[in-house]
There are 2 protein chains.
Amino acid sequence: MRRPRVTVIDIAQAAGVSKSTVSLVLQGSPLVKGTTRAKVVETMNELGYVYNRGAANLRQTGSKSGIVGVVVNDLTNGFFAELAVGVDMVVQSTGFVQFLSNTGESIDRQREVVASMREHGISGLLISPARATDAADFAPLIEAGIPVVVVVRSLPGGKLSSVVADNPNGVASAVRHLASLGHRRISFLGGFQDTAVFNERLSGYRAAVTAAGFGLDESLVVPAPPSRAGGADAIARALAADDRPTAAVCFNDAVAFGACDGLRARRLEPGRDFAIVGFDDVIEARTAVPALTTVSVDPQAMGRRAGQLLLKQIAAGRVSSEAITTSVRLVVRESCGAKQLAAHG
Amino acid sequence: MRRPRVTVIDIAQAAGVSKSTVSLVLQGSPLVKGTTRAKVVETMNELGYVYNRGAANLRQTGSKSGIVGVVVNDLTNGFFAELAVGVDMVVQSTGFVQFLSNTGESIDRQREVVASMREHGISGLLISPARATDAADFAPLIEAGIPVVVVVRSLPGGKLSSVVADNPNGVASAVRHLASLGHRRISFLGGFQDTAVFNERLSGYRAAVTAAGFGLDESLVVPAPPSRAGGADAIARALAADDRPTAAVCFNDAVAFGACDGLRARRLEPGRDFAIVGFDDVIEARTAVPALTTVSVDPQAMGRRAGQLLLKQIAAGRVSSEAITTSVRLVVRESCGAKQLAAHG
DNA sequence: CATAGATGTTGGAACGATCCAAATCAGTCA
DNA sequence: TGACTGATTTGGATCGTTCCAACATCTATG
């Protein structure tokens, strides 16, 4: 069963050349003659040769391992799955492979995973950090010349590159849209207060609300876990207030769906009796009933963007600190009531 | 910037021992004296040593790389994301790391990915194969002593191990449940006809329908892409027939959600006017409105199970062919109408 | 005809770990 | 004391590849 590995030396002997020549062929060097190359390639196929990247990697200076580490905090969230797929696309098209791991928001797990990836000699790391991650955790990596790109959640301090969505503008445009539909009391639902993303989105909310001339009422801001259940909970609390809001922009689509559930449970129809806007534009947003008006961030594109940035830095062989914010855009569907309004008007 | 790597030799010199001793410490060998070990460990921390698995792996016989390859066909599908998370749990708890890739149902991509993983020296492969994958594609792997476990979709032929859900029984129990609620014309919606999973589920449908004494009406079987859009399409076709069905079991939850959308578009309320049962029990099934009655397969548990099987085979150092079917269970919620019936009765 | 470039090819010496057989050390026993 | 024992430690040799400097071989030039 376990016959010995086929190595370059075996190939060399069978093809009647030296191992150096085989190596040259492997690297696609233009130095070898066409006929020689053909012969070598043929014997490789014949003997079923498989390249040993570990060995190659050992000799190669620095870490040209061809592996990039990708770490996300919650793979079961469609947003991150899409993101990972986007990264995979660009990473794979350049011959790299990705090493994807999930931390499930555990900072210990994250540390383990990153350490393990380092041992395996990743040439770069792309990470959506778990909550409460310290930027300093990645200092050893960049010190060793391994570029690190942080996605989705920005990490204050440290000279890391980052790719994040334009959160303030996204929420602000949602608020403006709701205001243009006549809403005056607009809630902001869901999200954990100790995250950078929450604060970015909240700042967009505040800016737009004050710009519209509505008073800033902090009771309209209802933090909650960024999940469907959290959304249902948040809308319940928002509706319990004396001076009810008539619309809400939600921390993300999961919260928005939860809010819709909560509305229905109270015999209120989202889009007709209450306006809901989400954030993310996950796949289901389009097909849900009612279709969700949401701020589209296109996670896959974001993943591609981040992947490109990382690969660029790997190619440059020098870690730099570049911050990209990807633009977002409001997608008007049904849950905000705009369509119904238009039909009546 | 790029200071030279810290190696075992550096550690050895700094700690005043030989590289062999350092190596022994690295492997946690009981041969080294406690005080020596402590000194070595300390200097490792001091100098910021990182283990080079590639180098170790080179010398080590066989492929004890500590990497397992995980390949799924559609990561954006929550089911597979959950599965991957389950695999990651067990894999990571034993010190392995996973190398996760997505094929997006492309068989070429799958080939590339698997080849790349081999080059990186994976010790085992866990794969949910893309459609129309040939079992023979994995022959080189198992010939080289690398265990392969196929999940979710079984692959006829070949001596691969597999972990699949008990599809026939799942669908059969759904059909029996609908029959017990009084339905006589029950549709089977969605799924690609050329997949093993479809045929397994369909066989369960047929068996249960004939066992219940209803005639087998092939027009009640409506294949469609296993997506939300496919579900909407399938229900439309099912309702267009003369002798309409009154209930449907769907290929998966995505199809079921799509079917619900389609019903609402026709002013039919799922659970009241038409009974819907899904398959998979994705996270949203619980929180959707109406909550989806579905066959629960617990993808995360399935992932864990598959991961354990793979690790077992890696540990045994001998590839064997073991087939596991994980049991499923019908979760009755609202979309089948059972709750409403009970309330009235 | 000698020489200088091109153009291909090649044998060692790395890379950073592990493994093995042999060496060293400290007790113990006769 | 000296042989014997078990516990620790240690130099190479080695894994499969790349890199480098040197070597052939061939062609064009003076």
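So that the names make sense, note that chain A is the first sequence line, chain B the second, and so on, each numbered from 1.
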Under the side-chain hydrogen bond (donor to acceptor under 3.5 Å, both in side chains) rule, what pairs show up with a residue in residues 129-142 of chain B, not counting sequence neighbours?
B/Gln110-B/Thr133, B/Arg131-B/Asp194
Working to the nearest 0.5 Å, report the span between CD1 of A/Ile146 and CG of A/Leu310.
10.5 Å
Please tabulate, one pair per line, all N/O donor-acceptor pairs under 3.5 Å involving side-chain atoms of residues 11-25 of chain B, not counting sequence neighbours.
unit_1: B/Ser18; atom_1: OG; unit_2: B/Ser20; atom_2: N; d: 3.3
unit_1: B/Ser18; atom_1: OG; unit_2: B/Thr21; atom_2: N; d: 3.4
unit_1: B/Ser18; atom_1: OG; unit_2: B/Thr21; atom_2: OG1; d: 3.3
unit_1: B/Ser23; atom_1: OG; unit_2: B/Gln27; atom_2: OE1; d: 3.2

Just to verify, what does [X] make a salt bridge (Lys or Arg N to Asp or Glu O under 4.0 Å) with, not counting sequence neighbours?
X        : answer
B/Arg153 : B/Glu105
A/Glu322 : A/Lys312
A/Asp10  : none
B/Arg53  : A/Glu119

Can you pull the ring pair (Phe, Tyr, Trp, His ring centres under 6.0 Å) pairs that have at least one residue in residues 86-109 of chain B, sequence neighbours excluded?
A/Phe99-B/Phe99, B/Phe99-B/His120
Any pair counted as ring pair (Phe, Tyr, Trp, His ring centres under 6.0 Å), so long as it reaches residues 134-160 of chain B, sequence neighbours left out
none
Close N/O contacts between protein and nucleotides 11-15 of chain C (under 3.5 Å):
unit_1: C/dG11; atom_1: N7; unit_2: A/Ser20; atom_2: OG; d: 3.0
unit_1: C/dG11; atom_1: O6; unit_2: A/Ser20; atom_2: OG; d: 2.6
unit_1: C/dG12; atom_1: N7; unit_2: A/Lys19; atom_2: NZ; d: 3.0
unit_1: C/dG12; atom_1: O6; unit_2: A/Lys19; atom_2: NZ; d: 2.8
unit_1: C/dA14; atom_1: N3; unit_2: A/Arg59; atom_2: NE; d: 2.6
unit_1: C/dC15; atom_1: O2; unit_2: A/Arg59; atom_2: N; d: 3.4

Tell me yes or no: between the side chains of [X] and [Y], is some donor less than 3.5 Å from an acceptor?
X        : Y        : result
A/Ser161 : A/Gln313 : yes
B/Asn73  : B/Ser128 : yes
B/Thr76  : B/Asp74  : yes

Would you jot down, in residue-number order, the residues of residues 34-45 of chain B having a non-hydrogen atom under 4.0 Å from DNA chain D?
B/Thr36
Quick note, B/Tyr49 side chain, CB onward, closest among C/dT9, C/dA17, D/dT9 is C/dA17
Helix axis bend for the helix from C/dC1-D/dG30 to C/dA30-D/dT1 - C1'-based end axes, five pairs, 10° rounding
70°
Given atom [atom1] of [X] and atom [atom2] of [N], what is their separation to the nearest angstrom?
X        : N      : atom1 : atom2 : value
B/His120 : D/dG16 : NE2   : P     : 18 Å
A/Ile9   : D/dT17 : CD1   : P     : 8 Å
A/Arg53  : D/dT18 : CZ    : C1'   : 14 Å
B/Asn57  : C/dA17 : CG    : P     : 13 Å
A/Gln13  : C/dT10 : CD    : C1'   : 14 Å

For DNA chain C, which residues of residues 22-33 of chain B approach it to below 4.0 angstrom with any heavy atom?
B/Ser23, B/Gln27
Between B/Leu125 and B/Val149, does a side chain to side chain contact (heavy atoms under 4.5 Å, CB included) hold up when you go through it step by step?
CA-CA 6 Å; B/Leu125 177 67; B/Val149 171; over 6 Å; no
